[in-house]
There are 2 protein chains.
Amino acid sequence: MTTAALIRQITPIRNPTTALANIGARDIARCPTHCSNCNLRELCLPCGLTGNDVARIDELVYTRRRVKRGESLYRVGDKFSSIYAVRSGFFKSCVILEDGRDQVTGFCMPGEILGMDGIGTEEHNLNAIALEDSEVCVIPFARLEEVSTLVPGLQRQVHKVMSREIVRDQGVMMLLGSMRAEERVAVFLLNLSQRFVARGYSPSEFHLRMTREEIGSYLGLKLETVSRIFSRFQEEDLVAVQQKHIRILDVAGLKKLMGQKLN
Amino acid sequence: MTTAALIRQITPIRNPTTALANIGARDIARCPTHCSNCNLRELCLPCGLTGNDVARIDELVYTRRRVKRGESLYRVGDKFSSIYAVRSGFFKSCVILEDGRDQVTGFCMPGEILGMDGIGTEEHNLNAIALEDSEVCVIPFARLEEVSTLVPGLQRQVHKVMSREIVRDQGVMMLLGSMRAEERVAVFLLNLSQRFVARGYSPSEFHLRMTREEIGSYLGLKLETVSRIFSRFQEEDLVAVQQKHIRILDVAGLKKLMGQKLN
DNA sequence: CGAGTGATTGAGAAGAGTCAAGAGCGGTGG
DNA sequence: CCACCGCTCTTGACTCTTCTCAATCACTCG
């Protein structure tokens with residue numbers, strides 16, 4: 001990466017503002033960046049905290065950072081200093097093996113936290129790459145730890161967020177370890193749907209931000225297999241697929257595909 | 001990511017070099033229950049803490065619990081109250097789907113931490129089952145959090161342990177998502193070997209505590225496939241397998257198996 | 001409008017799964 | 001001590017899912 005690109009990337013946004021899932025740049029400049037005003041707060045780090053404690057987070061989260069589509073928020077080996085709350089946009093995290101194999105380990109949407117892979121080793125173990133122009137709130141982890149010692153509720157919340165990440169990963173292990181291709185794709189779609197609902201979007205109709213190849217990588221399948229399964233689902237009237245646009249027609253049908261497993 | 005990193009990664013606690021020389025089960029049984037005296041302290045929760053801070057953990061960890069082979073330390077749905085440090089023995093963690101599928105999500109050996117799957121939801125999301133008669137130190141999590149607010153080093157350590165668990169899981173996702181059966185088994189063996197070394201055991205000769213079926217479940221393979229691959233490795237003089245007794249003959253050869261297929 | 005990605009589809013190959021038989025090991029009880 | 005049982009492991013033959021390779025189509029962007 002060039003220094004210029006690096007500088008652009010780490011340039012903080014000076015005038016913090018309120019979070020609305022799809023506000024334009026002009027609006028951003030106008031509103032303050034405070035968790036207490038952010039409409040993602042119920043999904044994000046402050047979730048479950050009371051007004052007072054949220055105010056303590058406000059002190060922490062004063063920087064934002066934009067990441068253009070295709071650029072990375074951080075890369076393997078980068079020094080770890082902060083975790084990030086996605087404000088808008090969409091990310092994938094992935095590792096690249098020396099032989100070139102690239103494994104997507106997760107997708108991240110607004111209100112979700114990125115970067116916890118770096119805490120243990122003090123450098124990042126994953127790449128986080130924007131799948132569309134995105135914006136994140138930068139949460140300096142050392143300061144978060146400091147404030148956590150003063151605000152037990154916040155400490156607890158940090159632990160919960162990390163624990164959920166562990167449980168989530170183990171869900172993916174289950175998916176990769178014991179499900180057939182059809183089931184994997186069904187789980188993937190249903191999971192996306194759920195996450196969109198939680199953000200106030202339609203549960204049944206959405207745009208995939210990632211390519212078939214990225215989906216395949218995440219699910220441990222080849223892109224052709226993903227494509228074939230989308231086609232098969234379409235034939236069976238479970239979903240309507242048009243390139244990246246997905247409409248889920250039969251949630252029950254998709255769920256039935258996977259024995260019983262509900263996430 | 002390097003192959004070495006991957007092998008390391010699926011190890012729960014990346015230990016800091018200080019290998020412990022030949023601790024046997026008998027020695028462990030003799031020492032009083034204090035982290036500061038424990039042979040495993042360099043691998044376990046206190047790893048990296050100074051004498052003073054370790055003393056604070058001593059106050060926390062006053063209970064131990066024995067778990068007989070085949071019994072569970074905790075089960076899905078149990079109320080979460082503590083995390084556990086394995087003192088002796090061997091555990092697997094697994095989830096069981098309604099349709100009977102059973103996915104092993106990890107194996108846990110002395111010095112490693114179990115139970116962090118429960119923090120987020122306040123109940124456990126996994127089953128932890130002893131593969132041999134085992135003993136764990138019980139660490140009440142609420143008290144750990146309290147003490148953490150007073151001892152920044154400890155808070156940091158808790159975060160590191162959790163983060164490593166996240167990174168470990170992502171290593172397993174990589175394994176399940178993009179490796180062929182042979183590679184998976186090779187990584188599995190090399191990883192076990194590393195973890196035994198860190199505990200002062202032979203890197204090349206050890207007993208598998210788990211069945212072929214459990215290995216298969218963990219690696220996303222059927223038990224027959226695991227068995228066949230062991231046989232193939234034996235034919236190629238990479239390892240000597242006799243039921244559960246494993247001798248690794250050619251570490252380099254096993255490592256070479258990984259990364260032969262480009263994507 | 002054309003170039004370049006990304007997506008779909010087909011045919012054939014390969015890897016892993018399934019089913020089944022039998023061997024090895026360890027414990028139990030006659 | 002031996003025979004038997006139950007469990008785990010090994011091996012073979014066959015099946016089937018998923019991958020690979022390749023051709024073609026669909027969109028997007030300049």
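Since the model is a prediction, treat every value here as computed from it, not as a measurement. Within every chain, numbering begins at 1; the chains are lettered A, B, ... in the order of the sequence lines, protein sequences first and strands thereafter. These values consider heavy atoms only, across backbone and side chains, with no hydrogens, waters or symmetry-generated copies.
No donor-acceptor distance shorter than 3.5 angstrom exists from the side chain of B/Glu236 to the backbone of B/Phe233, with no hydrogens or angles considered. Panel note: side chain A/Arg69, backbone A/Ala130; no donor-acceptor pair is recorded below 3.5 Å. Checking side-chain atoms of A/Arg184 against main-chain N and O of A/Leu176 turns up a donor-acceptor pair under 3.5 Å. The closest donor-acceptor contact from the side chain of A/Ser217 to the backbone of A/Val104 lies under 3.5 Å. Between the side chain of A/Arg212 and the main chain of A/Gln243, a donor-acceptor pair closer than 3.5 Å is present.
Between the CZ atom of B/Arg212 and the P atom of D/dT11 there is a distance of 10 Å, given to the nearest Å. Distance, B/His245 NE2 to C/dC25 P: 14 Å, rounded to whole Å. With rounding to whole Å, A/Glu213 atom CD is found 14 Å from D/dC21 atom P. Distance CD1 (B/Ile229) to C1' (C/dG15): 10 Å, rounded to an integer number of Å. Per the geometry, CE belonging to A/Met179 stands 17 Å off P belonging to D/dT17, to the nearest Å. Residue B/His207 contributes atom NE2, which lies 13 Å from atom C1' of C/dG26 at whole-angstrom precision. One atom, NZ of B/Lys222, and another, C1' of D/dT15, lie 15 Å apart when rounded to the nearest Å. Between the C1' atom of D/dC7 and the CE atom of B/Met210 lies a distance of 18 Å, rounded to the nearest Å.
Exactly one residue among A/Arg66, A/Arg209, A/Lys244, A/Lys92 makes a salt bridge (Lys or Arg N to Asp or Glu O under 4.0 Å) with A/Glu132. That residue is A/Arg209.
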Q. How does protein contact run along nucleotides 9-14 of chain C, one letter per nucleotide 5' to 3', with B for base contact, S for sugar-phosphate only, - for none, heavy atoms under 4.0 Å?
A. BBB---
Q: Using a 4.0 Å heavy-atom cut-off, write out nucleotides 23-30 of chain D from 5' to 3' as B (base contacted by protein), S (sugar-phosphate only) or - (no contact).
A: --------
Q) How far apart are the C-alpha atoms of A/Asp102 and A/Leu97, what are their side-chain angles, what is the distance that settles it, and do they pass the side-chain contact (heavy atoms from CB on, under 4.5 Å) test? A) CA-CA 6 Å; A/Asp102 177 341; A/Leu97 233 47; over 6 Å; no
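Of all heavy-atom pairs between B/Asn125 and B/Val95, the closest is O-CG1, 3.5 Å.
Rounding to the nearest 0.5 angstrom, the gap separating the CG atom in A/Leu73 from the NE2 atom in A/His124 is 7.5 Å.
A donor-acceptor pair shorter than 3.5 Å can be found between the side chains of B/Ser72 and B/Arg75.
One finds a salt bridge joining A/Arg199 and A/Glu112 here, because a Lys/Arg side-chain nitrogen approaches an Asp/Glu carboxylate oxygen to under 4.0 Å.
Checked against the 6.0 Å centroid criterion, the rings of B/Tyr218 and B/Phe107 qualify as a close aromatic pair.
Nucleotides of DNA chain D nearest to B/Phe230 and A/Glu182 differ in position, and the one nearer the 5' end is that of B/Phe230.
Applying the 4.0 Å criterion to OP1 and OP2 of C/dC25, one finds that B/Lys244 has every side-chain N and O outside that range.
For the helix from C/dC1-D/dG30 to C/dG30-D/dC1, the rotation axes defined at the first and last 5 base pairs enclose an angle of 30°, given to the nearest 10°.
Here B/Gly216 lies out of heavy-atom contact (under 4.0 Å) with every strand.
Side-chain atoms of A/Leu221 lie closest to D/dT18 of the nucleotides D/dT18, C/dT18, C/dG6.
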